[in-house]
Amino acid sequence: MSLFGASTGFGAGGFGAATTDTHNPMKDVEVTSPPDDSISCLAFSPPAMPGNFLIGGSWANDVRCWEVQDNGQTVPKAQQMHTGPVLDVCWSEDGSKVFTASCDKTAKMWDLNSNQAIQIAQHDAPIRTVHWIKAPNYNCIMTGSWDKTLKFWDTRSPNPMMSLQLPERCYCADVVYPMAVVASADRGLIVYQLENQPSEFRRIDSPLKHQHRCIAIFKDKQNKPAGFALGSIEGRVAIHYINPPNPAKDNFTFKCHRSNGTNTATPQDIYAVNAISFHPVHGTLATVGSDGRFSFWDKDARTKLKTSEQLDQPITACSFNNNGNIFAYASSYDWSKVTFYLTAAPLGSQPLTYMVCWASVTEHYPISPIWISIRGTLNLGKGILRGLP
Amino acid sequence: MAQVEAERGLCKENTQPLREGLAVTGLHLSHQEGSCHAAIQQQRQAFELELHMYTGDDPLDIWDRYLKWTLKTYPQGSKESSLTAMLERAVQLFAHDKKYYDDPRYINLWINLAQNSMEPLEMFSYMQDNGIGLTRADLYIAWAEEFEKHGNFQRADAIFREGLKCRAQPMDKLQQYHNGFQARVAHQAWSATEEEPEPARTSMVDLRPRGRKKAVAPVNRTEAAGHSRSLNLQLPRRSARHIQKNPILGFNENQADSLQAAQLKLEPWMAPPSSRANENQVMSEQLADIKIPQKSWCSASSVTVPASRLNFQPFVEEGDQTPSVSACKIDPAVNTVLSDRPPPSKEESVLEEGGGGGVKEQSMYLKELLLNGAVELSIEELRAEHYFARKRQEIEETIQQQSQAKERLRQQIDEKQRLLQLQQSQQRPQLSQQDDTGTDSMQITECRSGTVLPSSQPNAMAFQIFDEGSQSGSAHGSGNPIPCEKDMCPDDVFLPAGDRGLCFKTPYPFPGNSECTQVL
């Protein structure tokens with residue numbers, strides 16, 4: 001049951017546009033000064049910080065920070081560089097530091113007040129994930145890398161506090177204290193518990209048949225982590241509870257990011273799920289995929305709430321802000337196919353959107369715009385979408 | 001070092017010999033633990049990287065080198081080498097491309113896979129049925145070897161004959177192995193039947209039937225490939241005992257045929273035989289998706305052997321033979337042999353009704369990108385590899401540019417020095433007053449400049465600016481056209497400026513001989 005009617009086919013103008021604008025079909029606000037290469041990760045600032053700040057890491061070796069104002073305008077604030085592409089970013093819980101993980105096998109801590117970045121972690125292979133853990137008795141950074149280790153770092157020491165062996169290369173991870181979950185190559189899935197000190201809690205048989213791509217932990221009504229959503233490279237997401245009353249019924253998978261939903265004559269195109277993000281208040285989840293769409297889902301009602309129009313490029317990253325008013329998604333070439341293409345600057349603007357034409361396209365890779373979708377109260381729980389007046 | 005030698009010596013018996021010989025470096029690496037393990041890992045990663053990044057025409061080349069490296073580095077056939085997994089992946093990758101079926105490297109992959117598997121004979125049969133390697137001697141040699149190991153000499157011989165009949169290349173190698181095999185068998189038979197002199201004599205007489213069945217038709221015992229078929233009317237049923245007692249009679253092709261036919265597998269190949277018994281191992285998904293095209297059993301037209309296998313009546317020409325097994329199309333989607341994954345659990349299948357319900361699916365990412373190597377990659381890993389490769393290329397380019405710039409600068413320096421020397425030497429002849437010395441000097445200058453080496457530094461040192469003050473002797477030094485500086489020329493060899501005579505200082509200077517022909 002879909003309250004909005006799934007938008008099928010492409011080019012169907014859902015917003016009354018006469019011509020299909022596939023670059024920004026949702027008419028969302030576009031972030032100024034986007035990075036020069038694909039965006040790998042997005043993260044909004046935590047509640048402790050006033051205002052909304054968005055951090056985006058890209059394959060152009062940089063991490064950029066924008067301030068997102070209430071009217072939707074974005075202001076570029078600062079930038080830091082790595083010596084390799086940045087794969088993951090996260091905030092500390094007080095919003096003063098940003099941690100960045102990169103292909104140059106290091107992770108850095110960026111102090112936003114002083115705009116200084118120091119290296120705090122080192123691996124033998126590119127670091128794929130970085131998360132901040134705030135426990136009652138310790139604080140640390142958790143880094144997962146392609147060298148098959150998971151390391152925990154106190155930012156003051158050059159040696160890791162703890163190093164755990166993974167069965168395979170780390171592909172994605174998420175942390176909601178006291179639970180952490182890591183998905184690795186060869187469809188590995190391990191849950192850790194973080195109380196006292198991090199330790200392996202359980203290894204889970206993967207509910208999916210294909211390569212793991214993204215993972216996000218969700219919370220139950222008491223605000224405790226209850227399970228996770230796992231996305232694969234072939235258009236499917238699995239909802240898995242850690243201790244469900246009835247595993248066979250409570251855990252399920254659903255198909256997403258596929259084309260030709262009802263047309264069985266042509267083969268159905270299956271796209272990778274690039275990122276999953278949970279709404280902090282309503283518990284609904286957003287998925288973004290290589291097909292260039294994002295979708296919102298209600299996992300309790302097991303329904304799809306909304307699917308966006310198709311963008312011309314895959315969507316590679318997404319993030320909700322701390323109160324769920326803003327949803328940011330990044331559209332950029334994600335290498336799932338070998339071809340790439342150039343995009344032209346859009347023309348025209350609408351009174352609600354604050355589109356800014358960006359500079360010319362780089363030689364090899366298209367510009368990676370980020371959009372902010374500001375929909376007033378994005379009340380996904382009830383499926384009501386209200387726009388700005 | 002001595003310890004390493006000792007270790008290697010102790011472990012020697014654990015090293016399996018390789019046909020082409022073991023490389024010392026590989027042995028060394030595999031016996032040393034610790035630091036060399038990292039080196040091995042690096043080398044393996046380099047191969048994986050190459051596999052993923054290769055865009056040329058001949059991907060088989062990398063697999064070939066990878067195989068050779070693996071065999072070299074893990075000669076004892078340990079599990080860490082993951083040899084079988086790699087071989088399986090490699091053969092599957094090229095299974096669809098018939099042009100590789102006669103490529104000796106591809107055949108080599110198959111042979112190695114067969115030799116490391118549980119059922120090598122089945123593997124070889126599969127290869128034959130699918131037309132892989134039929135024109136290469138290696139297949140037949142390896143297959144016959146396998147039979148020989150099992151003690152099945154008739155089959156082995158039949159394989160050799162088949163290879164010769166198919167004119168598998170290189171033929172002389174095949175013939176050589178065949179001869180060697182026959183010699184071994186004969187020797188074995190001799191030593192086995194030494195106490196029975198009778199069989200030696202029966203080789204001269206007609207084959208006497210033993211057992212209940214009697215021979216009816218004369219049996220042609222020539223070993224020439226393929227000739228004797230037409231003469232044989234009815235296949236006598238010989239007992240195996242008989243054959244073993246008369247091994248020297250040669251291997252009757254018809255008998256071989258009947259034995260073959262008796263052991264014939266009439267059902268077509270669903271999939272290549274599984275190379276390892278891995279019932280507990282969950283294979284990754286990709287193996288199940290990769291489909292090896294199944295040739296219809298009887299469509300192997302390039303191979304006459306299957307037809308002849310059915311040939312219970314040897315006198316029927318192969319051309320007239322109608323296959324007794326109807327051609328059946330094997331659904332390539334049914335390929336579950338290699339995939340040992342348990343069927344999806346109930347809870348999954350309930351929710352996945354779309355996938356199997358007749359809707360065809362097509363993944364929108366290039367599977368080949370991620371699955372090219374022996375190890376699966378994620379999209380980010382692939383992209384990171386490309387990024388690093390590009391970076392390395394850029395670094396190499398900058399290094400190259402820098403070295404070129406350095407070279408250019410050095411050449412400029414040389415040029416400048418040469419000009420300087422030219423200038424200096426031009427100044428000196430002006431100081432001397434003789435014309436001939438002037439001309440001589442000019443010649444000498446030319447010679448000198450001609451002999452200036454690229455590394456002109458020492459020459460520059462040898463030719464200092466001629467000090468006018470010390471030139472007092474040069475005005476008279478007509479006999480010494482070489483303005484060799486006093487301090488540079490050893491006194492005992494060259495005449496100091498001003499002395500007349502030969503350039504070489506001799507104990508008996510000859511007067512009047514002022515022509516000095518020495519030129520530097």
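Remember, it's a predicted structure, so these values are computed and weren't measured experimentally. Quick note: numbers below take in every heavy atom, side chains included, and nothing from hydrogens, waters or symmetry partners.
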Interchain contact, A/Pro126 with chain B, by part (heavy-atom threshold 4.5 Å): side chain
Answer yes or no: does atom CG of A/Asn246 have more than 12 heavy-atom neighbours from other residues, nucleotides or ligands under 6.0 Å? yes
So, B/Arg383 and A/Asp37, do they make that salt bridge, N to O below 4.0 Å? yes
Between B/Glu380 and A/Tyr171, do the side chains contain a donor N or O and an acceptor N or O under 3.5 Å apart? no
Between A/Gln211 and B/Leu377 (side chain of the first, backbone of the second, donor and acceptor by atom type, cut-off under 3.5 Å), is there such a pair? yes
Quick one: pull up SG in A/Cys103 and CD in B/Glu381 and give me the separation to the nearest 0.5 Å. 9.5 Å
Contact part of A/Thr83 toward chain B, heavy-atom cut-off under 4.5 Å: side chain, backbone, both or neither? backbone
Verify the neighbour count for atom NZ of A/Lys105: are there more than 12 heavy atoms of other residues, nucleotides or ligands below 6.0 Å? no
Between B/Ser378 and A/Trp146, the two heavy atoms sitting closest are OG-CZ2, 4.4 Å
Flag for B/Tyr387-A/Asn61: side-chain donor and acceptor within less than 3.5 Å: yes
